Amino acid sequence: MAIDILIAEDEPSILEALSFVLQRAGWTISAVMDGDAVMDAVRSKRPRMLVLDVMMPKRSGFEVLKQIRAEDATRTLPVLVLTAKGQNQDRRIAEELGANSFITKPYANTDVADAVRALIGAPVAPEER
Amino acid sequence: MTLTADLVIATAVAYVGLLFLVAYLGDRATRDRPGGFLRSPFVYTLSISVYCTSWTFYGAVGSAARSGLEFATIYLGPTLVFVGWWFILRRLVRISHDQRITSIADLLSSRFGKSSRLAVLVTVLAVIAIAPYIALQLKAVTSSIEAIAGSSIFGRGSLEGWGEVGMALGVAAGMALFTILFGTRNVDAKEQHHGVVAAIALEAIVKLTALVAVGMFVLYSGGGLDAIFTRAEEAGLDIHASETFGDRWVATLLLAAAAIICLPRQFQVTVVENSDESHLRTASWAFPGYMLLMSLFIIPIALYGLTTMPAGSNPDMFTLTLPLAAGQDGLALFAFIGGFSSATSMIILESIALSIMVSNHIVVPVMLRLTAGDGIGEGQSVRRLILNARRLSIILILFLGFGYFYLTRGSDALAPIGLISFTGVAQFLPAILAALFWRDASTRAAIAAISVGFLVWLWSSFMPSFASSSPMVAQIMAEGPFGIAWMRPQALFGLIGLEPLAHAVFWSLFLNTSVLVVGSLVTNQSALEHVQAALFLNVFSKSASETNPLRGSAEADDLFLIARRVLGHERAVTIFSEEAKQARMAWTSLEPSSAFIHRLERELAGSIGAASAHVMLSKVVTGSAISLEEVMQMADETQQAIEYSQELERTSSQLRATAEKLEVANQQLRRVDQQKDEFLSQVSHEVRTPMTAIRAFSEILLSEDDLDANARQRFMATIHKESLRLTSLLDEILDLSALERGERSWENRPVNAEESVDQALQVCDALARHSQTVVQTSQRAGRSIVLADSDRLSQVLINLISNAIKYNGATSPEIDVRSRVDGTNYIVEVADNGVGIPAQERDRIFDKFYRGRLGEAFAGAGLGLPISREIVTRMNGNLELVSDGANGACFRITLPMLVQKRRGRTSIAVPGV
Amino acid sequence: MTRRKIIAAALVFAIFGVLAVFPPLVVLFRYDFRVFGVPVENLYIFALWTLLVIGARLFSQILPHDEPTRVKRGDDAP
């Protein structure tokens, strides 16, 4: 069963807050907490998009993004990059690597939801809420 | 045995064959064994005695017969020059060796800015001036054959029908052939002819022995000195030098002294053929001694000849005719060979020397210009070209000599002819002395001076010798050209009363020297002249620094300036950068090693020649006579570089030094700036992360009304936890920054470190129990006094213990806190049984913000370990990771123990901290 | 003697030789007299000559030896 959003984020509290907000908006989510796990999760869970933190243990978000754009199966996967460094350089790198959207922490919850919506549209109305 | 012309000619030819053999063996011997007998100082000395030509052998007797002691001046002049060898000849030889000088023309041209015009001028003038001298030899040989031919009715033999001129031509042709065979067999870059020198040395012995033999014969026949002089006096001869010590005496002394330096063949044997400077030392007394022996019997022979020979006999031939008249045919033949020896050696060497000049300074440059360099490249054809040029020059020189002989055949005395040549070559003397001793002598002045001296010589000395054969010359001599009286060749500017030779010597050398001095004062030297003048003048200071390799203090700046001037900026920069890199220093603090100076010298030599490079560098390095500025100027001009002012040079070198320092500072700044950026980026990340959670949850709490109490509670706890994390992060940053800047200071005092350990264990007790970690203390040191701040020490231990608890990760976590005393050190270790620290992280765990991301999210900002290390360092201790990572991590604090001294004073056991 | 003094002495000797053969010194010996049958001028000139040779030999031994040790010509091509 495919999910809407895969979240890659190593900070538990931020992950919790993100999950809450996105689920609340109606999307189905799944999460991984380090860079190595992202590719496997993308292949197995086939998310419609990826929310990717840059600073992650084992593999940085940028490395992951590079691989995603390099593989045929995931080349078109929409990616929203989150970073806490908040420097223009990070934004530039993210754009060069093919990120679809870029948000600097700390963010407003609505910004994230809007960005996700812009990438994959409004959540499919669940049969059962 | 009856002497005939045929016999003497056959003997002469056989003698030449012998000489040829000697030359051949000599060449081979030197090639096989350089430095053998042929390179002894005595062979060198004997070769110099080529100075004694047939002029000496025959002419001196004639001269003594006519004017008594005057003949001796011809040998006293060179004697004085050789006695003073240290001051002129030594300099000449050293310079010529250093500069690879091949002839007198080369010497003058080299000193005067390598002027080819000067070289050509000197060569042409030398060839003209030597013509009478060659003619003298031809005349002497011809006369000696005539003397023998005329001695008996059968004397002429096959020469019947040959006139004097024809015989002279034959002699000239024969001599040309000998010389070509001798001197142009090969081209030697050094222009040394060991074989020829060996032959010349043999001839020197032959002519001396012959003359001494004739002298002994005369003494014997004449009944001793007393009898000879008495008979001469009785015959009405002036045996006392009544008129001898006059102007002519002075003039001939001067000319002879000049000739021994200026004659091309003397320069060749004394300077060019010199293979060892110390030979000059021997020659300084041996050559005057040789001349003394040669002169000893001249007056007795002359007086005996005058008193015993029939009136009208040619006194020039007494040496030959006296033994002939006495029927001593063997002695006469020996005397003939002696005279022949002196003539051949002179002609051979003189024409070799002149032909070198002609080919090197006229033929080769012309050929090179004509062919524009192509086709000349192959060694073989150049060689052949040079050899042919030399052969042609030899023929030309002998032909000129013969021509002079032909035109002046009317006059019969030998010595005056030689003196004409001497006066001619003496015109080089002022320029040579200036080359050796006067820095400011300029090329244009030298050319003008030599030309003027030579014109005066041509007019007042050379031309008058044709008076007997040319009525026009005779008329000019009597009345002056077009009747201009003050231009009469032997009464120039109305100077009457001087003897003609002294007159010519005075005017030519006076005007020559005046033009040289005044001309040099009013003209400027070119760059090259400047350089060469310095080389010539400093020839000995150069060799002094050469024997000791360049040593001394040289500023890298000074060397750099020179290198840049000569090699160009880029090359100089490359050389100095390499050296600076090797020495691991900045240029400005570079202390040039002698190896580096040597290397630099070689580099410079590639551009400006070895000698110049050496002198330039030695000036800088040893700081001798020439100032650095002068050398710089030389270099400037040599390279036709832009003339920088002194001020500009100094400023630019200062600027360069400053720029270098700025560059270093700038690099440091950039590095610091980059570190600051990284730090800020890290701080930003560390601050934003908790802020993100706080903002996200507070927005959720604000916007979502239907949250259940449980979730609400959990979210608020997270917000609280993250804000605490934020606070502690800021505290840590401030703490570390204060520690690093040394602001946060505390006083280290003697404390019991074990107490701090207890305190830390106590604080961490709750955390340990909460995470089910067993904290044990396997070993305790007991009371250990260290110089520390107990709170800070506790802080470090708490940090280590809590890290060990938080990042343990084992199923049954255990921590061991142990302390011990090792020598003078107190050691406390915090070890855990967790996963340890991966090898790749071990180097970085003390870096700021670095976190092994293994533990819980509840982590510090990654500043704990850097802060701890900073604190321990300020207690003069050391914090390190000692485990290998396989059995968990182990951090060790080492602190120096305080030693209680008996007198009660306290000190730290570890010195030097 | 020091190096400088030896060189100075050599110079003085050479200058002495020059002065001795030039007028006016040489004219001192120009008078009609014979020693061992030889006119005094001749004797003077040859005695002086001998003296110069002996002196030169002496100086050739004591003047400083600072010639280049090796035969340089041709060996030191750059």
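Within every chain, numbering begins at 1; the chains are lettered A, B, ... in the order of the sequence lines, protein sequences first and strands thereafter. Note that the structure is a prediction, hence the values are computed from the model and not measured.
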J.: If I compare all heavy atoms of C:F46 with all of B:S295, which pair ends up nearest, and what's the gap?
T.: CZ-O, 3.6 Å
J.: For each of B:D226, B:T73, B:T282, tally heavy-atom pairs with chain C at distances under 4.5 Å, and name the one with the top tally.
T.: B:D226
J.: Quick check for you: among B:L280, B:L76, B:L254, which has the greatest number of heavy-atom pairs under 4.5 Å with chain C?
T.: B:L76
J.: Which answer fits B:I299, side chain, backbone, both or neither, if we ask what part of it has an atom under 4.5 Å from a heavy atom of chain C?
T.: side chain
J.: Tell me, out of C:L52, C:I7, C:I54, who's got the most heavy-atom pairs with chain B below 4.5 Å.
T.: C:I7
J.: What residues, two or more places apart in sequence or in another chain, satisfy side chain to side chain donor-acceptor pair (under 3.5 Å) together with B:T56?
T.: B:Y75
J.: Do you know which of B:D276, B:N274, B:T270 makes side chain to side chain donor-acceptor pair (under 3.5 Å) with B:Y44?
T.: B:N274
J.: Among B:W249, B:F287, B:F87, B:W285, which residue has the highest count of heavy-atom pairs closer than 4.5 Å to chain C?
T.: B:W285
J.: Name the member of C:L63, C:T50, C:L58, C:V21 that forms the most heavy-atom pairs with chain B at distances under 4.5 Å.
T.: C:L63
J.: Looking at every non-hydrogen atom in both residues, tell me the closest pair between C:I6 and C:P64 and how far apart they are.
T.: CG2-CD, 4.3 Å
J.: For C:L11, is it the side chain, the backbone, both or neither that has a heavy atom under 4.5 Å from a heavy atom of chain B?
T.: both
J.: Flag the one option from C:G55, C:A14, C:G17, C:S60 with the top tally of heavy-atom pairs under 4.5 Å to chain B.
T.: C:S60
J.: Holding to side chain to side chain donor-acceptor pair (under 3.5 Å), I want the full list of residues that pass it with B:S284, two or more places apart in sequence or in another chain.
T.: none
J.: Report which part of B:L296 has an atom under 4.5 Å of a heavy atom belonging to chain C: side chain, backbone, both, or neither.
T.: both
J.: What part of C:I15 gets closer than 4.5 Å to chain B, counting heavy atoms only: side chain, backbone, both or neither?
T.: neither
J.: As an exercise, state the distance from CG of B:L107 to CZ of B:F267, rounded to the nearest 0.5 Å.
T.: 4.5 Å
J.: Considering all heavy atoms of both residues, which atom of B:P288 and which atom of B:F82 are nearest to each other, and what is their separation?
T.: CG-CB, 3.9 Å
